[in-house]
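Remarks on the structure that follows.
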Amino acid sequence: MNFHHPFETADGDKLREECGVFGAIGAPDASAVTALGLHALQHRGQEAAGITSFDGQDFFSRRGQGHVAENFSSQDALAELPGIMAAGHVRYSTTGGSGLRNVQPLYADLAAGGFAVAHNGNISNAQSLRDELVRKGAIFQSTSDTEVIIHLVATSRYPTTIDRLIDALRLVEGAYSLIVMTPEGMIACRDPLGIRPLVMGKLGDATVFASETVAFDVIGADFVRQVDPGEIVRVDFDGKMVSSHPFVAGQARPCIFEHVYFSRPDSIFDGRSVYEARKAIGRELAIESPADVDLVVAVPDSGVPAAIGYAQESGVPFELGIIRSHYVGRTFIQPGDSARHSSVKRKHNANRGLVEGKRIVLIDDSIVRGTTSMKIVEMMRDAGATEVHFRVASPPTAHSCFYGVDTPERSKLLAARMEIEPMREFIKADSLAFVSIDGLYRAVGETSRNALRPQYCDACFTGDYPTSLTDLAARESREAQLSFPVNKVA
(Lines give C-alpha, C1' and ligand atoms only; values in the text may rest on other atoms or scores of the structure.)
Protein backbone atom coordinates (compact mmCIF):
# COMPACT_ATOMS: atom_id res chain seq x y z
CA MET A 1 0.00 0.00 0.00
CA ASN A 2 2.98 2.35 -0.05
CA PHE A 3 6.51 2.74 -1.28
CA HIS A 4 8.43 1.63 1.80
CA HIS A 5 9.50 -1.72 3.14
CA PRO A 6 6.84 -3.12 5.47
CA PHE A 7 7.70 -2.91 9.14
CA GLU A 8 8.07 -5.97 11.32
CA THR A 9 4.98 -7.49 12.85
CA ALA A 10 4.75 -7.70 16.62
CA ASP A 11 5.58 -11.40 16.67
CA GLY A 12 7.60 -11.24 13.46
CA ASP A 13 6.06 -14.43 12.20
CA LYS A 14 2.79 -13.65 10.46
CA LEU A 15 2.21 -12.37 6.97
CA ARG A 16 -0.45 -9.69 7.09
CA GLU A 17 -3.02 -8.51 4.59
CA GLU A 18 -2.54 -4.78 4.46
CA CYS A 19 -6.16 -3.73 4.09
CA GLY A 20 -9.84 -4.40 3.76
CA VAL A 21 -12.48 -2.36 1.90
CA PHE A 22 -16.24 -1.94 2.16
CA GLY A 23 -18.78 0.15 0.27
CA ALA A 24 -22.54 0.75 0.35
CA ILE A 25 -24.81 2.70 -2.01
CA GLY A 26 -28.55 3.18 -1.64
CA ALA A 27 -28.57 2.65 2.14
CA PRO A 28 -30.23 5.39 4.22
CA ASP A 29 -27.54 4.96 6.90
CA ALA A 30 -24.65 4.11 4.58
CA SER A 31 -21.88 5.18 6.96
CA ALA A 32 -23.29 3.08 9.83
CA VAL A 33 -23.55 0.06 7.53
CA THR A 34 -19.98 0.68 6.35
CA ALA A 35 -18.67 0.95 9.92
CA LEU A 36 -20.29 -2.37 10.80
CA GLY A 37 -18.91 -3.97 7.65
CA LEU A 38 -15.42 -2.68 8.43
CA HIS A 39 -15.71 -4.12 11.93
CA ALA A 40 -16.09 -7.57 10.37
CA LEU A 41 -12.98 -6.90 8.27
CA GLN A 42 -10.90 -5.67 11.23
CA HIS A 43 -8.52 -8.65 10.95
CA ARG A 44 -7.38 -7.30 7.56
CA GLY A 45 -6.02 -4.08 9.06
CA GLN A 46 -5.78 -2.89 12.64
CA GLU A 47 -3.66 0.25 12.53
CA ALA A 48 -6.11 2.75 11.07
CA ALA A 49 -9.60 3.10 9.63
CA GLY A 50 -11.44 5.63 7.49
CA ILE A 51 -14.89 6.25 6.03
CA THR A 52 -15.97 8.71 3.34
CA SER A 53 -19.66 9.40 2.61
CA PHE A 54 -21.67 11.36 0.02
CA ASP A 55 -25.06 12.99 0.62
CA GLY A 56 -25.88 13.85 -2.99
CA GLN A 57 -24.03 17.13 -2.90
CA ASP A 58 -20.94 16.94 -0.68
CA PHE A 59 -18.35 14.38 0.40
CA PHE A 60 -17.53 13.89 4.09
CA SER A 61 -14.53 12.05 5.53
CA ARG A 62 -13.47 10.81 8.93
CA ARG A 63 -10.34 8.77 9.64
CA GLY A 64 -8.30 7.78 12.62
CA GLN A 65 -5.56 5.57 14.00
CA GLY A 66 -6.62 2.37 15.72
CA HIS A 67 -9.60 0.04 15.45
CA VAL A 68 -12.95 0.70 13.81
CA ALA A 69 -14.70 0.71 17.19
CA GLU A 70 -12.33 3.41 18.47
CA ASN A 71 -13.30 5.74 15.62
CA PHE A 72 -16.82 4.91 14.45
CA SER A 73 -18.83 3.52 17.36
CA SER A 74 -20.49 6.78 18.48
CA GLN A 75 -23.54 8.45 16.99
CA ASP A 76 -21.60 11.72 16.86
CA ALA A 77 -18.90 10.16 14.68
CA LEU A 78 -21.44 8.68 12.25
CA ALA A 79 -23.41 11.95 12.20
CA GLU A 80 -20.35 13.52 10.56
CA LEU A 81 -20.83 11.10 7.63
CA PRO A 82 -24.33 11.68 6.20
CA GLY A 83 -25.68 10.28 2.96
CA ILE A 84 -26.83 7.14 1.18
CA MET A 85 -23.37 6.25 -0.16
CA ALA A 86 -20.23 5.48 1.84
CA ALA A 87 -16.96 3.60 1.47
CA GLY A 88 -14.53 2.53 4.16
CA HIS A 89 -11.08 1.09 4.60
CA VAL A 90 -9.05 -0.64 7.32
CA ARG A 91 -5.29 -0.81 6.96
CA TYR A 92 -2.00 -1.78 8.48
CA SER A 93 0.55 0.98 8.44
CA THR A 94 4.03 0.40 7.09
CA THR A 95 7.34 2.13 7.71
CA GLY A 96 7.07 5.78 6.74
CA GLY A 97 3.40 5.40 6.01
CA SER A 98 1.53 5.41 9.32
CA GLY A 99 0.35 9.03 9.26
CA LEU A 100 -3.28 10.03 8.80
CA ARG A 101 -2.49 11.33 5.31
CA ASN A 102 -2.21 7.70 4.19
CA VAL A 103 -5.46 6.52 5.79
CA GLN A 104 -8.04 5.76 3.12
CA PRO A 105 -10.40 6.35 1.44
CA LEU A 106 -8.28 8.96 -0.33
CA TYR A 107 -10.26 11.90 -1.68
CA ALA A 108 -9.63 14.51 -4.35
CA ASP A 109 -11.61 17.24 -6.11
CA LEU A 110 -11.24 16.50 -9.81
CA ALA A 111 -12.53 18.51 -12.76
CA ALA A 112 -15.59 16.23 -12.96
CA GLY A 113 -16.27 16.49 -9.21
CA GLY A 114 -15.31 14.65 -6.04
CA PHE A 115 -13.47 11.34 -6.33
CA ALA A 116 -12.86 9.01 -3.36
CA VAL A 117 -11.09 5.65 -3.57
CA ALA A 118 -10.50 2.75 -1.18
CA HIS A 119 -7.89 0.28 -2.40
CA ASN A 120 -6.91 -3.22 -1.31
CA GLY A 121 -3.75 -4.43 -3.01
CA ASN A 122 -0.43 -3.09 -4.19
CA ILE A 123 0.64 -1.53 -7.46
CA SER A 124 3.98 -3.01 -8.46
CA ASN A 125 4.89 -0.15 -10.84
CA ALA A 126 3.63 2.64 -8.55
CA GLN A 127 7.03 4.24 -8.01
CA SER A 128 7.74 4.36 -11.75
CA LEU A 129 4.34 5.92 -12.42
CA ARG A 130 4.78 8.34 -9.53
CA ASP A 131 8.20 9.49 -10.77
CA GLU A 132 6.75 10.18 -14.21
CA LEU A 133 3.77 12.08 -12.77
CA VAL A 134 6.04 14.20 -10.56
CA ARG A 135 8.20 15.06 -13.58
CA LYS A 136 5.02 16.33 -15.24
CA GLY A 137 4.21 18.53 -12.25
CA ALA A 138 2.01 16.35 -10.04
CA ILE A 139 2.11 17.11 -6.31
CA PHE A 140 1.55 14.13 -4.01
CA GLN A 141 0.01 14.43 -0.54
CA SER A 142 0.71 10.88 0.66
CA THR A 143 3.16 8.01 0.26
CA SER A 144 0.35 5.64 -0.72
CA ASP A 145 0.41 3.98 -4.14
CA THR A 146 -3.36 4.54 -4.24
CA GLU A 147 -2.79 8.25 -4.85
CA VAL A 148 -1.09 7.33 -8.13
CA ILE A 149 -4.47 6.08 -9.39
CA ILE A 150 -6.10 9.41 -8.51
CA HIS A 151 -3.42 11.37 -10.41
CA LEU A 152 -3.74 9.08 -13.42
CA VAL A 153 -7.52 9.61 -13.45
CA ALA A 154 -7.04 13.37 -13.07
CA THR A 155 -4.64 13.61 -16.00
CA SER A 156 -6.51 11.28 -18.37
CA ARG A 157 -7.84 12.94 -21.53
CA TYR A 158 -11.03 10.88 -21.69
CA PRO A 159 -14.31 12.78 -21.15
CA THR A 160 -16.13 10.57 -18.62
CA THR A 161 -15.01 9.49 -15.14
CA ILE A 162 -15.43 5.79 -15.90
CA ASP A 163 -13.33 6.05 -19.06
CA ARG A 164 -10.69 8.04 -17.17
CA LEU A 165 -10.57 5.29 -14.52
CA ILE A 166 -10.23 2.57 -17.16
CA ASP A 167 -7.52 4.60 -18.88
CA ALA A 168 -5.67 4.94 -15.57
CA LEU A 169 -5.94 1.25 -14.69
CA ARG A 170 -4.52 0.23 -18.08
CA LEU A 171 -1.23 1.80 -16.94
CA VAL A 172 -1.22 -0.01 -13.60
CA GLU A 173 0.37 -3.39 -12.89
CA GLY A 174 -0.08 -5.49 -9.78
CA ALA A 175 -3.08 -6.08 -7.54
CA TYR A 176 -6.08 -3.91 -6.83
CA SER A 177 -9.62 -4.21 -5.57
CA LEU A 178 -11.08 -0.72 -5.65
CA ILE A 179 -14.22 0.92 -4.36
CA VAL A 180 -14.61 4.36 -5.95
CA MET A 181 -17.19 7.04 -5.16
CA THR A 182 -18.13 9.84 -7.54
CA PRO A 183 -21.13 12.21 -7.68
CA GLU A 184 -22.70 9.75 -10.15
CA GLY A 185 -22.49 6.71 -7.86
CA MET A 186 -20.17 3.87 -6.85
CA ILE A 187 -17.65 1.94 -8.94
CA ALA A 188 -16.16 -1.37 -7.81
CA CYS A 189 -13.40 -3.06 -9.75
CA ARG A 190 -10.86 -5.85 -9.48
CA ASP A 191 -7.56 -6.31 -11.28
CA PRO A 192 -7.56 -8.58 -14.36
CA LEU A 193 -5.93 -11.44 -12.41
CA GLY A 194 -8.27 -11.11 -9.44
CA ILE A 195 -5.34 -11.31 -7.02
CA ARG A 196 -7.15 -9.48 -4.21
CA PRO A 197 -10.73 -10.44 -3.32
CA LEU A 198 -13.90 -8.37 -3.79
CA VAL A 199 -17.52 -9.51 -3.39
CA MET A 200 -20.93 -7.96 -3.99
CA GLY A 201 -24.13 -8.21 -1.97
CA LYS A 202 -27.59 -6.73 -1.45
CA LEU A 203 -29.02 -5.18 1.71
CA GLY A 204 -32.63 -4.45 0.87
CA ASP A 205 -32.45 -1.99 -2.03
CA ALA A 206 -28.84 -1.10 -1.26
CA THR A 207 -25.84 -2.59 -3.06
CA VAL A 208 -22.80 -3.43 -0.94
CA PHE A 209 -19.23 -4.43 -1.74
CA ALA A 210 -16.59 -5.91 0.58
CA SER A 211 -13.27 -7.70 0.71
CA GLU A 212 -14.94 -10.74 2.31
CA THR A 213 -18.40 -12.29 2.56
CA VAL A 214 -18.25 -12.25 6.37
CA ALA A 215 -18.94 -8.50 6.23
CA PHE A 216 -22.29 -9.28 4.62
CA ASP A 217 -23.16 -11.77 7.37
CA VAL A 218 -22.53 -9.13 10.02
CA ILE A 219 -24.71 -6.44 8.39
CA GLY A 220 -27.44 -8.89 7.35
CA ALA A 221 -26.86 -8.56 3.61
CA ASP A 222 -27.24 -11.33 1.03
CA PHE A 223 -24.16 -12.43 -0.87
CA VAL A 224 -24.80 -12.06 -4.62
CA ARG A 225 -21.47 -12.98 -6.25
CA GLN A 226 -17.82 -12.10 -6.41
CA VAL A 227 -16.72 -9.22 -8.60
CA ASP A 228 -14.99 -11.05 -11.43
CA PRO A 229 -11.30 -10.52 -12.22
CA GLY A 230 -11.02 -7.53 -14.54
CA GLU A 231 -14.66 -6.53 -14.02
CA ILE A 232 -15.85 -2.99 -13.37
CA VAL A 233 -19.28 -2.65 -11.73
CA ARG A 234 -21.05 0.72 -11.70
CA VAL A 235 -24.08 1.39 -9.49
CA ASP A 236 -26.02 4.66 -9.61
CA PHE A 237 -28.30 6.17 -6.97
CA ASP A 238 -31.38 4.56 -8.53
CA GLY A 239 -29.81 1.13 -8.04
CA LYS A 240 -29.11 0.61 -11.73
CA MET A 241 -26.06 -1.58 -12.23
CA VAL A 242 -23.77 -1.74 -15.28
CA SER A 243 -20.98 -4.30 -15.57
CA SER A 244 -18.11 -4.16 -18.03
CA HIS A 245 -14.89 -6.07 -18.70
CA PRO A 246 -12.63 -3.51 -20.40
CA PHE A 247 -9.33 -5.33 -19.87
CA VAL A 248 -7.83 -8.21 -21.80
CA ALA A 249 -9.01 -11.41 -20.12
CA GLY A 250 -6.30 -13.71 -18.83
CA GLN A 251 -5.92 -16.62 -16.46
CA ALA A 252 -7.31 -15.55 -13.08
CA ARG A 253 -4.80 -15.89 -10.23
CA PRO A 254 -6.50 -15.13 -6.89
CA CYS A 255 -4.23 -15.15 -3.83
CA ILE A 256 -4.12 -18.68 -2.40
CA PHE A 257 -2.99 -17.32 0.98
CA GLU A 258 -6.55 -16.06 1.50
CA HIS A 259 -7.43 -19.73 2.04
CA VAL A 260 -4.40 -20.33 4.27
CA TYR A 261 -4.60 -17.35 6.60
CA PHE A 262 -5.88 -13.93 5.49
CA SER A 263 -9.63 -14.46 5.25
CA ARG A 264 -11.76 -15.08 8.29
CA PRO A 265 -12.63 -18.79 8.46
CA ASP A 266 -16.36 -17.99 8.21
CA SER A 267 -15.88 -16.31 4.81
CA ILE A 268 -16.43 -17.80 1.37
CA PHE A 269 -13.46 -17.16 -0.93
CA ASP A 270 -13.42 -18.02 -4.63
CA GLY A 271 -16.59 -20.08 -4.15
CA ARG A 272 -15.21 -22.21 -1.32
CA SER A 273 -15.63 -22.14 2.47
CA VAL A 274 -12.37 -20.90 3.97
CA TYR A 275 -12.93 -23.04 7.07
CA GLU A 276 -13.45 -26.20 4.99
CA ALA A 277 -10.38 -25.40 2.89
CA ARG A 278 -8.24 -25.04 6.02
CA LYS A 279 -9.52 -28.31 7.43
CA ALA A 280 -8.72 -29.95 4.09
CA ILE A 281 -5.16 -28.58 4.26
CA GLY A 282 -4.83 -30.25 7.66
CA ARG A 283 -6.04 -33.54 6.22
CA GLU A 284 -3.48 -33.29 3.42
CA LEU A 285 -0.77 -32.62 6.02
CA ALA A 286 -1.76 -35.72 7.99
CA ILE A 287 -1.61 -37.87 4.84
CA GLU A 288 1.69 -36.41 3.60
CA SER A 289 3.51 -36.02 6.93
CA PRO A 290 2.09 -38.20 9.72
CA ALA A 291 3.58 -38.00 13.23
CA ASP A 292 3.55 -40.70 15.92
CA VAL A 293 2.13 -38.55 18.72
CA ASP A 294 -0.44 -38.48 21.50
CA LEU A 295 -2.03 -35.07 20.81
CA VAL A 296 -2.68 -32.64 17.97
CA VAL A 297 -2.26 -29.06 19.21
CA ALA A 298 -3.09 -25.93 17.21
CA VAL A 299 -1.14 -22.69 17.42
CA PRO A 300 -4.19 -20.46 18.02
CA ASP A 301 -6.11 -19.06 16.40
CA SER A 302 -4.88 -19.42 12.84
CA GLY A 303 -3.81 -23.07 13.14
CA VAL A 304 -7.10 -24.36 14.58
CA PRO A 305 -9.06 -25.44 11.46
CA ALA A 306 -6.00 -27.20 9.96
CA ALA A 307 -5.33 -28.91 13.30
CA ILE A 308 -8.93 -30.18 13.41
CA GLY A 309 -8.50 -31.59 9.89
CA TYR A 310 -5.16 -33.16 10.85
CA ALA A 311 -6.72 -34.79 13.92
CA GLN A 312 -9.73 -36.10 12.01
CA GLU A 313 -7.56 -37.63 9.31
CA SER A 314 -4.92 -39.08 11.65
CA GLY A 315 -7.23 -40.27 14.42
CA VAL A 316 -5.06 -38.50 17.01
CA PRO A 317 -7.09 -36.38 19.46
CA PHE A 318 -7.21 -32.62 19.04
CA GLU A 319 -6.72 -30.73 22.31
CA LEU A 320 -6.24 -27.13 23.38
CA GLY A 321 -2.62 -27.49 24.34
CA ILE A 322 -2.03 -23.75 23.93
CA ILE A 323 -4.37 -21.16 25.41
CA ARG A 324 -4.46 -17.78 23.76
CA SER A 325 -5.06 -14.51 25.59
CA HIS A 326 -7.54 -12.33 23.71
CA TYR A 327 -6.57 -9.20 25.62
CA VAL A 328 -3.14 -8.38 24.20
CA GLY A 329 -3.50 -4.73 23.20
CA ARG A 330 -1.71 -3.26 20.21
CA THR A 331 -0.25 -0.44 22.29
CA PHE A 332 1.34 -2.97 24.61
CA ILE A 333 3.55 -4.33 21.85
CA GLN A 334 6.94 -2.68 21.75
CA PRO A 335 9.51 -2.94 18.93
CA GLY A 336 12.68 -4.96 19.30
CA ASP A 337 13.51 -8.63 19.64
CA SER A 338 13.20 -8.92 23.42
CA ALA A 339 9.74 -7.40 23.44
CA ARG A 340 8.72 -9.51 20.46
CA HIS A 341 9.79 -12.67 22.22
CA SER A 342 8.01 -11.74 25.43
CA SER A 343 4.90 -10.95 23.41
CA VAL A 344 4.70 -14.64 22.51
CA LYS A 345 4.24 -15.45 26.19
CA ARG A 346 1.65 -12.71 26.60
CA LYS A 347 -0.32 -14.04 23.66
CA HIS A 348 0.11 -17.82 24.10
CA ASN A 349 0.53 -20.04 27.13
CA ALA A 350 1.06 -23.80 27.32
CA ASN A 351 -1.70 -25.86 28.92
CA ARG A 352 0.80 -27.68 31.17
CA GLY A 353 -1.63 -30.14 32.73
CA LEU A 354 -2.53 -31.43 29.27
CA VAL A 355 0.82 -31.55 27.45
CA GLU A 356 3.11 -32.69 30.26
CA GLY A 357 4.54 -36.12 29.47
CA LYS A 358 2.91 -36.15 26.02
CA ARG A 359 4.23 -36.35 22.46
CA ILE A 360 2.56 -33.55 20.52
CA VAL A 361 2.33 -32.24 16.99
CA LEU A 362 1.91 -28.47 16.62
CA ILE A 363 -0.07 -27.17 13.64
CA ASP A 364 0.38 -23.59 12.42
CA ASP A 365 -0.59 -21.84 9.20
CA SER A 366 2.90 -20.66 8.21
CA ILE A 367 6.47 -19.99 9.26
CA VAL A 368 7.79 -16.62 8.19
CA ARG A 369 10.86 -15.61 10.22
CA GLY A 370 10.72 -18.62 12.55
CA THR A 371 11.11 -16.66 15.79
CA THR A 372 7.59 -17.34 17.06
CA SER A 373 7.70 -21.00 16.04
CA MET A 374 10.95 -21.44 17.96
CA LYS A 375 9.47 -19.80 21.07
CA ILE A 376 6.33 -21.93 20.95
CA VAL A 377 8.32 -25.17 20.59
CA GLU A 378 10.44 -24.07 23.55
CA MET A 379 7.32 -23.22 25.54
CA MET A 380 5.86 -26.69 24.96
CA ARG A 381 9.10 -28.38 26.02
CA ASP A 382 9.20 -26.21 29.15
CA ALA A 383 5.65 -27.38 29.89
CA GLY A 384 6.84 -31.00 29.84
CA ALA A 385 6.07 -32.23 26.33
CA THR A 386 8.38 -35.18 25.62
CA GLU A 387 8.37 -34.69 21.82
CA VAL A 388 7.37 -31.62 19.83
CA HIS A 389 6.72 -32.10 16.11
CA PHE A 390 5.78 -29.18 13.85
CA ARG A 391 3.48 -29.24 10.81
CA VAL A 392 2.75 -26.22 8.66
CA ALA A 393 -0.49 -25.71 6.71
CA SER A 394 1.26 -23.99 3.79
CA PRO A 395 4.41 -24.62 1.74
CA PRO A 396 7.61 -22.82 2.84
CA THR A 397 7.25 -19.04 2.45
CA ALA A 398 10.45 -18.33 0.54
CA HIS A 399 9.55 -15.23 -1.51
CA SER A 400 8.28 -11.73 -0.79
CA CYS A 401 4.82 -10.57 -1.85
CA PHE A 402 4.41 -7.41 -3.93
CA TYR A 403 0.61 -7.49 -4.16
CA GLY A 404 -0.58 -5.96 -0.91
CA VAL A 405 0.74 -8.31 1.77
CA ASP A 406 3.04 -7.17 4.53
CA THR A 407 6.04 -9.43 3.87
CA PRO A 408 9.53 -9.07 5.34
CA GLU A 409 12.41 -8.60 2.95
CA ARG A 410 13.32 -11.92 1.41
CA SER A 411 16.58 -12.13 3.35
CA LYS A 412 14.52 -12.33 6.56
CA LEU A 413 12.27 -15.17 5.42
CA LEU A 414 13.49 -18.36 7.07
CA ALA A 415 12.64 -20.54 4.05
CA ALA A 416 14.63 -18.23 1.76
CA ARG A 417 17.74 -18.90 3.83
CA MET A 418 17.37 -22.55 4.83
CA GLU A 419 16.26 -25.96 3.68
CA ILE A 420 13.78 -27.94 5.82
CA GLU A 421 16.32 -29.68 8.10
CA PRO A 422 18.18 -26.49 9.09
CA MET A 423 14.77 -24.88 9.67
CA ARG A 424 13.85 -27.77 11.98
CA GLU A 425 17.08 -27.24 13.90
CA PHE A 426 16.41 -23.51 14.10
CA ILE A 427 12.97 -23.91 15.68
CA LYS A 428 14.26 -26.90 17.73
CA ALA A 429 11.42 -29.27 16.79
CA ASP A 430 11.76 -33.06 16.68
CA SER A 431 10.44 -33.01 13.12
CA LEU A 432 9.21 -30.37 10.69
CA ALA A 433 7.07 -30.70 7.56
CA PHE A 434 5.10 -28.37 5.32
CA VAL A 435 2.12 -29.24 3.14
CA SER A 436 3.22 -29.70 -0.48
CA ILE A 437 2.16 -27.19 -3.11
CA ASP A 438 0.03 -29.86 -4.79
CA GLY A 439 -1.44 -30.80 -1.41
CA LEU A 440 -2.43 -27.17 -0.91
CA TYR A 441 -4.06 -27.09 -4.34
CA ARG A 442 -5.94 -30.33 -3.62
CA ALA A 443 -7.24 -28.80 -0.41
CA VAL A 444 -8.80 -25.89 -2.32
CA GLY A 445 -10.49 -28.18 -4.84
CA GLU A 446 -7.91 -28.60 -7.60
CA THR A 447 -6.37 -31.92 -8.61
CA SER A 448 -2.90 -30.35 -8.53
CA ARG A 449 -1.06 -27.15 -9.42
CA ASN A 450 -0.96 -26.48 -13.14
CA ALA A 451 2.66 -25.40 -13.56
CA LEU A 452 2.03 -23.87 -17.00
CA ARG A 453 -1.14 -22.00 -15.98
CA PRO A 454 -1.29 -21.81 -12.16
CA GLN A 455 -4.82 -21.47 -10.86
CA TYR A 456 -3.82 -19.17 -7.98
CA CYS A 457 -1.18 -16.59 -7.16
CA ASP A 458 1.27 -18.60 -5.05
CA ALA A 459 4.36 -16.46 -5.64
CA CYS A 460 5.23 -16.37 -1.92
CA PHE A 461 5.79 -20.14 -2.14
CA THR A 462 6.99 -20.63 -5.72
CA GLY A 463 8.50 -17.30 -6.80
CA ASP A 464 6.19 -17.46 -9.85
CA TYR A 465 4.92 -13.88 -9.96
CA PRO A 466 1.88 -13.39 -12.22
CA THR A 467 2.72 -9.81 -13.24
CA SER A 468 5.76 -7.73 -14.07
CA LEU A 469 7.52 -6.20 -11.05
CA THR A 470 8.70 -2.93 -12.58
CA ASP A 471 9.62 -1.14 -9.36
CA LEU A 472 11.51 -4.14 -7.99
CA ALA A 473 13.48 -4.54 -11.23
CA ALA A 474 14.36 -0.83 -11.20
CA ARG A 475 15.47 -0.98 -7.57
CA GLU A 476 17.60 -4.07 -8.15
CA SER A 477 19.16 -2.43 -11.20
CA ARG A 478 20.07 0.67 -9.15
CA GLU A 479 21.53 -1.47 -6.35
CA ALA A 480 23.57 -3.47 -8.87
CA GLN A 481 24.97 -0.26 -10.38
CA LEU A 482 25.87 1.09 -6.93
CA SER A 483 27.71 -2.08 -6.02
CA PHE A 484 29.51 -2.41 -9.34
CA PRO A 485 33.28 -1.98 -8.82
CA VAL A 486 34.87 1.03 -10.49
CA ASN A 487 38.24 0.40 -12.15
CA LYS A 488 40.46 3.39 -11.57
CA VAL A 489 42.93 4.30 -14.28
CA ALA A 490 46.47 4.52 -12.88
Chi angles and distances behind the salt bridge (Lys or Arg N to Asp or Glu O under 4.0 Å) call for K136, E132: CA-CA 6 Å; K136 292 178 179 177; E132 186 176 337; 3.4 Å; yes
Short side-chain to backbone donor-acceptor contact, R410 and A398, under 3.5 Å: yes
E421 atom CD: more than 12 heavy-atom contacts under 6.0 Å: yes
Pair R453, Q251: side-chain N/O donor-acceptor within cut-off below 3.5 Å: yes
Ion pair check, R324 and D301, cut-off under 4.0 Å: yes
F269 backbone acceptor or donor facing S267 side chain under 3.5 Å: no
Under 3.5 Å donor-acceptor, R63 side chain and P105 backbone: yes
Pairwise distance CZ(F434) to CD1(I420) - rounded to 0.5 angstrom: 4.5 Å
Step-by-step salt bridge (Lys or Arg N to Asp or Glu O under 4.0 Å) determination, K240 to D238: CA-CA 6 Å; K240 180 185 175 186; D238 296 322; over 6 Å; no
Donor-acceptor pair, side chain of T462 and main chain of D458, under 3.5 angstrom: yes
Audit row: D438, S448, side-chain hydrogen bond (donor to acceptor under 3.5 Å, both in side chains) steps and yes/no: CA-CA 5 Å; D438 282 337; S448 64; 4.5 Å; no
T470 versus N125, side-chain donor and acceptor atoms under 3.5 Å: no
R196/E258 ion pair, N-O < 4.0 Å: yes
Considering all heavy atoms, the nearest A215-A210 contact: CB-CB, 3.8 Å
Side chains of E231 and S243, donor plus acceptor under 3.5 Å: yes
Exam field: side chain R190 to backbone G194, donor-acceptor pair closer than 3.5 Å: yes
Parallel, tilted or perpendicular, as decided by the 30° and 60° cut-offs, for the rings of F140 and H151: tilted
Close side-chain approach of H67 and Q46, heavy atoms under 4.5 Å: yes
Short side-chain donor-acceptor distance under 3.5 Å, N450 and Y441: no
Test item: side-chain donor near acceptor, N102 and T143, under 3.5 Å: yes
Aromatic centroids of H399 and F461 separated by under 6.0 Å: no
S128 and D131 side chains, donor-acceptor separation under 3.5 Å: no
Check: T467/E173 side-chain N/O donor and acceptor closer than 3.5 Å: no
Y176 backbone acceptor or donor facing D191 side chain under 3.5 Å: yes
Heavy atoms from other residues, nucleotides or ligands near NE2 of H39 exceed 12 (cutoff 6.0 Å): no
Ring centers of F59, Y107 separated by less than 6.0 Å: yes
Working for salt bridge (Lys or Arg N to Asp or Glu O under 4.0 Å), residues R442 and E288: CA-CA 12 Å; R442 285 193 295 271; E288 293 179 350; 3.1 Å; yes
Donor-acceptor contact below 3.5 Å, side chain H89 vs main chain C19: no
Ring-ring centroid check F402 Y465, cutoff 6.0 Å: yes
Evaluation steps, side-chain hydrogen bond (donor to acceptor under 3.5 Å, both in side chains), between E147 and S142: CA-CA 7 Å; E147 194 178 357; S142 76; 2.7 Å; yes
R157, CZ: over 12 other non-hydrogen atoms inside 6.0 angstrom: no
